[in-house]
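Here's the structure we're looking at; comments come further down.
These numbers were taken from a predicted model, which means no experiment stands behind them. For this chain, numbers begin at 1 and follow the sequence in order.
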Amino acid sequence: MDQSRRLEMLVKAADSGSFAAAAKLMDLTPSAVSRGIGELERSLKVSLFNRTTRQLRLTEDGAQIYARATDILARMAELEASTVNRHSRVSGTVRVGVLAPLSRYVLMPHLPTLQSRHPDLRVETRLTQDPNDMQAENLDVLLHVGEPPSSRLIAQRLGQGRPAAYASPDYLRRCGEPAEPDDLSRHRCLVFRRPWSTQHHDQWNFEREGVRKTVAVAPILITPDREGLIVAAMAGAGVMYMACFDPAFLAAGRLVRLLPDWSCPASFNIYALYRRNKIPAPRVSAFIQFVREAFAAFDPQEQTVLHTSLTAERSAVPGATGSLPGAP
């Protein structure tokens with residue numbers, strides 16, 4: 001039994017007037033309280049109580065120790081309360097790995113909400129999606145596009161890319177609008193390909209009523225610059241096949257979805273990755289909740305992404321699948 005517990009017995013017994021009453025307050029037996037008080041007296045080498053069959057009174061030494069014990073216990077309670085408040089309050093720095101498009105479209109537009117909710121939280125971002133940077137860059141959260149390699153990290157799926165073919169009104173005035181997927185082989189096409197990807201992104205997939213078509217396009221541009229490709233498409237350079245970009249470009253009429261009677265198979269998954277901890281840091285838990293809400297608020301009509309339910313449970317990171325997809 002620790003000394004603070006014995007001091008609590010002393011205070012409870014003195015305040016309540018008996019060992020039995022103190023035992024009831026502490027959910028103990030009277031003998032346990034009597035034993036604890038005896039151990040305290042032996043360790044301090046003083047007598048704490050004058051015991052009679054009718055009353056329990058503090059000795060002179062006991063009164064002095066009682067006063068000090070109440071002060072010690074009050075300070076300990078204050079310390080515990082401050083520790084709980086510090087750990088429950090969201091503060092400190094959360095370090096996040098994220099690629100520029102997700103930062104630009106999902107995180108930054110909703111950052112004021114996070115600041116309002118947790119004013120003491122600071123966010124630092126790194127432009128990466130490499131799971132190895134969780135250790136190398138001391139990241140708390142990584143927003144990962146594509147299936148991550150096998151690891152001990154926890155993954156929460158945020159959503160899935162929903163690609164389609166798009167072009168600007170100016171391009172369509174000059175070159176006409178394709179009526180069937182096969183018509184794209186005669187159009188000027190813009191292809192996005194990540195440097196590490198081995199997939200053939202000059203083959204675009206379409207579905208309608210159970211029929212699937214794969215069209216091999218002849219690109220006039222192949223680039224790893226995703227945002228540059230979108231700008232080129234809006235400028236009228238050609239047709240792009242893309243998912244997960246700002247739907248405001250569609251609402252403003254800067255891009256037009258082609259082949260509306262056809263759908264395209266969902267492409268890459270997007271995950272929030274974080275370490276497996278028995279008690280997650282409040283800053284990490286708060287940021288995970290924020291990013292899930294921010295992603296759910298992005299593209300509410302699901303024109304360029306498919307959302308994952310906010311109630312979806314976390315899961316282990318999927319097994320390694322080879323090279324990460326570079327799908328648009």
### Message
Hydrophobic clusters here meaning ILVMFWY residues chained together by side-chain heavy-atom distances under 4.5 Å, can you tell me if L306 and Y271 are in one?
### Response
no
### Test item: L250 and Q303 side chains (from C-beta on) under 4.5 Å apart, heavy atoms
yes
### Message
Less than 3.5 Å apart, any donor N or O on the side chain of S4 or D2 sitting next to an acceptor on the other?
### Response
yes
### Any residue meeting side chain to side chain donor-acceptor pair (under 3.5 Å) with T93, in chain and number order, not counting sequence neighbours
none
### Query
Applying salt bridge (charged side-chain N to carboxylate O under 4.0 Å, His left out), which residue pairs with at least one partner in residues 163-180 are found, sequence neighbours left out?
D170-R173, D170-R174
### Query
Counting distance only, does the side-chain N/O of E227 pair as donor-acceptor with the main-chain N or O of P101 below 3.5 Å?
no
#### Entry: Side chain to side chain, V106 and L158, heavy atoms closer than 4.5 Å
no
### Message
Taking the side chain as everything from C-beta on, heavy atoms only, tell me whether L40 gets closer than 4.5 Å to S43.
### Response
yes
### Task
Output, in order, the C-alpha distance, side-chain angles, deciding distance and verdict of side chain to side chain contact (heavy atoms under 4.5 Å, CB included) for L190 and I220.
CA-CA 6 Å; L190 314 174; I220 58 114; 3.6 Å; yes
### Query
Side chains of F295 and Q156: closer than 4.5 Å at any heavy-atom pair?
no
### Message
Tell me every residue that passes salt bridge (charged side-chain N to carboxylate O under 4.0 Å, His left out) with D27, counting only those two or more places apart in sequence or in another chain.
### Response
none
#### Entry: Any donor-acceptor N/O pair, S285 side chain to P282 backbone, under 3.5 Å
no
### Co-membership, hydrophobic cluster, residues V231 and L172, 4.5 Å side-chain
no
### Task
With sequence neighbours left out, write down each residue that passes side chain to side chain contact (heavy atoms under 4.5 Å, CB included) with T113, or none if nothing qualifies.
R117
### Message
Less than 4.5 Å apart, side chain to side chain, heavy atoms only: is that true for E147 and N269?
### Response
yes
Tabulate below the donor-acceptor pairs under 3.5 Å that side-chain atoms of residues 206-215 make, not counting sequence neighbours, or state none.
{"residue": "K213", "atom": "NZ", "partner": "D182", "partner atom": "OD2", "Å": "3.3"}
{"residue": "T214", "atom": "OG1", "partner": "N205", "partner atom": "OD1", "Å": "2.7"}

### Message
Do L25 and L7 sit in one hydrophobic cluster, given that two such residues count as connected whenever their side-chain heavy atoms are within less than 4.5 Å of each other, even indirectly?
### Response
no
### Query
Counting heavy atoms not belonging to R126, are there more than 12 under 6.0 Å from its CZ?
yes
### Query
Applying salt bridge (charged side-chain N to carboxylate O under 4.0 Å, His left out), which residue pairs with at least one partner in residues 55-66 are found, sequence neighbours left out?
none
### Query
Would a 4.5 Å heavy-atom cut-off, applied to side chains only, mark L102 and F298 as touching?
no
### Query
Are the side chain of Q129 and the backbone N or O of L99 linked by a donor-acceptor pair below 3.5 Å?
no
### Query
Does a donor on one side chain sit under 3.5 Å from an acceptor on the other, for Q3 and R6?
yes
### Query
Are any non-hydrogen side-chain atoms of P148 and L153 less than 4.5 angstrom apart?
no
### Message
For a 4.5 angstrom cut-off between non-hydrogen side-chain atoms, does T125 reach L127?
### Response
no
### Task
Taking only Lys NZ, Arg NE, NH1 and NH2, and the carboxylate oxygens of Asp or Glu, determine whether R283 and D140 approach each other closer than 4.0 Å.
yes
### Query
Between T304 (side chain) and F245 (backbone), is there a donor-acceptor pair under 3.5 Å?
yes
### Task
With sequence neighbours excluded, give me every salt bridge (charged side-chain N to carboxylate O under 4.0 Å, His left out) pair touching residues 247-265.
none
### Query
R275 side chain to R152 main-chain N or O, any donor-acceptor pair under 3.5 Å?
no
### Query
To the nearest 0.5 Å, what is the distance between CG (D133) and NE2 (H144)?
10.5 Å
### Message
Is the distance between the ring centroids of F249 and Y166 under 6.0 Å?
### Response
no
### Task
Could you name each residue pair satisfying ring-ring contact (aromatic ring centres under 6.0 Å, His included) that touches residues 107-135, not counting sequence neighbours?
none
### Query
Can you name the side chain to side chain donor-acceptor pair (under 3.5 Å) partners of R162, sequence neighbours left out?
none
Can you give me every donor-acceptor pair (side chain of residues 14-21, partner residue at least two apart or in another chain, under 3.5 Å) with its distance?
{"residue": "D15", "atom": "OD1", "partner": "Y66", "partner atom": "OH", "Å": "2.5"}
{"residue": "S16", "atom": "OG", "partner": "K12", "partner atom": "O", "Å": "2.7"}
{"residue": "S16", "atom": "OG", "partner": "S18", "partner atom": "O", "Å": "3.2"}
{"residue": "S16", "atom": "OG", "partner": "A22", "partner atom": "N", "Å": "3.4"}
{"residue": "S18", "atom": "OG", "partner": "A21", "partner atom": "N", "Å": "3.0"}

### Message
Could you work out, with side chain to side chain donor-acceptor pair (under 3.5 Å) as the rule, every residue matching S116, not counting sequence neighbours?
### Response
none
### Hydrophobic cluster identity match, M26 and I72, side-chain contacts under 4.5 Å
yes
### Task
Name all residues meeting the ring-ring contact (aromatic ring centres under 6.0 Å, His included) criterion together with H187; count only those two or more places apart in sequence or in a different chain, and write none if there are none.
Y171
